[in-house]
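Keep in mind it's a predicted model, so treat the numbers as computed, not measured.
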Amino acid sequence: DHYHQPDLTANILAALQAADVNIDALTREDLNTLDEFHIRGRAATAELAALSGLQAGQRVLDLGCGVGGPARHLAAEYGCRVTGLDLVPAYCEAATELTRRVGLAELVDFRAGDMRDMPFDDDSFDRVWSQHTTMNIPDKAALAGEVQRVLKPGGKAVFYEVCAGNGQPVHVPVPWASEPAHSHLVSAAEFRATMNEAGLTEELWEDVTEVAIDWVNSLAGSLGRQPATGRRRPGLGLLMGPTAGDKGRNMARNLREHRIAVVRGIYSA
């Protein structure tokens with residue numbers, strides 16, 4: 001319910017048209033401002049992909065895929081076959097239509113489902129990919145077990161996540177929760193322990209909170225310099241709904257006050 005929006009696909013296409021984008025000749029660049037629903041957007045996706053050892057033809061599962069930006073990036077840049085899984089049917093519908101319009105439907109598909117009980121066979125994927133999704137999952141052990149199950153032997157799980165920071169409560173609303181009961185953050189230590197207990201082997205772990213803080217500070221400065229007039233490409237506010245401004249400001253505040261941390265890790269099966 002936090003994420004669902006009626007008529008999301010139609011609203012995205014209408015917003016693109018209002019910004020003078022030709023939706024009948026849509027490109028990935030046209031979607032750059034709205035299709036990566038996580039801190040640092042496409043830059044974070046590109047960095048994580050470079051660390052992941054991706055190869056053409058590999059099967060990738062994108063957990064909490066949103067409207068499909070990272071899935072399209074991995075397909076277009078690496079030639080991977082990507083399946084996106086998201087609990088929100090409206091996101092999957094929008095992701096499917098946008099992917100069709102940018103010409104990547106043969107490499108990317110989307111399914112609505114719960115990542116704690118994935119609708120996939122054992123040993124199905126070379127990579128399991130997750131960006132800013134685990135804060136919505138209360139039972140992280142169930143998630144870790146499913147990740148381990150669907151990974152092929154030698155496959156890798158790739159995470160870019162928000163964790164609890166200094167123990168202080170998070171200011172809400174934030175992009176992933178409208179109230180505290182919907183935010184399921186754990187510390188970085190707890191996250192790592194859960195992955196290891198599921199039989200996954202840690203290959204990389206990095207705290208990138210300071211990079212995230214620099215990004216939100218830079219973003220705030222650039223927004224302040226934008227002209228008040230002119231047609232702008234639709235942004236993540238379209239996905240976050242009417243309280244988008246409060247969510248963005250609280251996320252930045254939580255980062256600056258170290259109430260949340262941003263980490264990335266790679267685990268092998």
Exercise. Angle class for the Phe191/Trp205 ring planes (parallel below 30°, perpendicular above 60°, tilted otherwise)?
Worked result: tilted
Could [X] and [Y] be called an ion pair, given the rule that one side-chain N must be under 4.0 Å from one carboxylate O?
X: Glu146; Y: Arg116; result: no
X: Arg72; Y: Glu77; result: no
X: Asp122; Y: Arg149; result: yes
X: Asp207; Y: Arg264; result: no
X: Glu161; Y: Lys140; result: no
X: Arg40; Y: Glu47; result: yes

Which atom of [X] lies closest to which atom of [Y], heavy atoms considered:
X: Leu151; Y: Asp123; value: O-OD1, 3.2 Å
X: Val263; Y: Cys163; value: CG2-SG, 3.8 Å
X: Trp176; Y: Ser183; value: NE1-OG, 2.8 Å
X: Leu16; Y: Pro234; value: CD2-CG, 3.7 Å
X: Ala75; Y: Val108; value: CB-CG2, 3.4 Å
X: Val172; Y: Pro180; value: CG2-CD, 3.8 Å

Do [X] side-chain atoms and [Y] backbone N/O form a donor-acceptor pair below 3.5 Å?
X: Thr99; Y: Thr96; answer: no
X: Lys247; Y: Met240; answer: yes
X: Asp62; Y: Ser130; answer: no
X: Asn166; Y: Glu257; answer: yes
X: Thr9; Y: Ala94; answer: yes
X: Asp139; Y: Ala142; answer: yes
X: Arg101; Y: Ile23; answer: yes
X: Arg127; Y: Ala157; answer: no
X: Asp30; Y: Leu26; answer: no
X: His2; Y: Pro175; answer: yes

For this session: Would you sort out whether Asn196 and Tyr267 count as a side-chain contact (heavy atoms from CB on, under 4.5 Å), showing the intermediate values?
Result: CA-CA 9 Å; Asn196 289 323; Tyr267 291 79; 3.8 Å; yes
At what distance, to the nearest 0.5 angstrom, does [atom1] of [X] lie from [atom2] of [Y]?
X: Ser178; Y: Asp1; atom1: OG; atom2: CG; result: 9.5 Å
X: Asp109; Y: Leu104; atom1: CG; atom2: CG; result: 12.0 Å
X: Lys156; Y: Ser52; atom1: NZ; atom2: OG; result: 7.5 Å
X: Cys65; Y: Asp86; atom1: SG; atom2: CG; result: 4.5 Å
X: Gln5; Y: Leu238; atom1: CD; atom2: CG; result: 6.0 Å
X: Leu255; Y: Ile39; atom1: CG; atom2: CD1; result: 4.5 Å

Indicate whether the side chain of [X] and that of [Y] have a donor and an acceptor atom separated by less than 3.5 Å.
X: His73; Y: Glu36; answer: no
X: Asp246; Y: Thr243; answer: no
X: Asn32; Y: Arg233; answer: no
X: His38; Y: Thr45; answer: yes
X: Thr194; Y: Glu197; answer: no

Exercise. Trp129 and Leu48: side-chain contact (heavy atoms from CB on, under 4.5 Å), yes or no, with the steps?
Worked result: CA-CA 9 Å; Trp129 178 278; Leu48 197 62; 3.7 Å; yes
Using side-chain heavy atoms (C-beta onward) and a distance below 4.5 Å, is [X] in contact with [Y]?
X: Ser124; Y: Thr83; value: no
X: Leu85; Y: Phe120; value: yes
X: Asp35; Y: Arg42; value: yes
X: Tyr78; Y: Val60; value: no
X: Leu239; Y: Leu8; value: yes
X: Val158; Y: Leu51; value: no

Do [X] and [Y] belong to the same hydrophobic cluster, where Ile, Leu, Val, Met, Phe, Trp and Tyr are linked whenever their side-chain heavy atoms lie under 4.5 Å apart, directly or via other members?
X: Val174; Y: Leu219; result: yes
X: Met118; Y: Leu200; result: yes
X: Leu204; Y: Val128; result: no
X: Trp215; Y: Val262; result: yes
X: Val82; Y: Tyr160; result: yes

For this session: Step through it carefully: locate the ring centre of His132, locate the ring centre of Phe37, and say whether they are under 6.0 Å apart.
Result: no
For this session: Please confirm whether Arg59 makes a cation-pi placement over Phe125, using NZ or CZ under 6.0 Å from the six-membered ring centre and within 45° of the ring normal.
Result: yes
Problem set entry | The single option from Arg259, Gln168, Arg249 passing side chain to side chain contact (heavy atoms under 4.5 Å, CB included) against Asn254 | Arg259
Problem set entry | Chi angles and distances behind the side-chain contact (heavy atoms from CB on, under 4.5 Å) call for Met195, Phe159 | CA-CA 11 Å; Met195 295 300 119; Phe159 295 98; 3.6 Å; yes
For this session: Could you check His184 against Ile137 for side-chain contact (heavy atoms from CB on, under 4.5 Å), going step by step and ending with a plain yes or no?
Result: CA-CA 6 Å; His184 301 289; Ile137 304 297; 6.0 Å; no
For this session: Please say whether more than 12 non-hydrogen atoms of neighbouring residues, nucleotides or ligands are located less than 6.0 Å from CD in Glu106.
Result: no
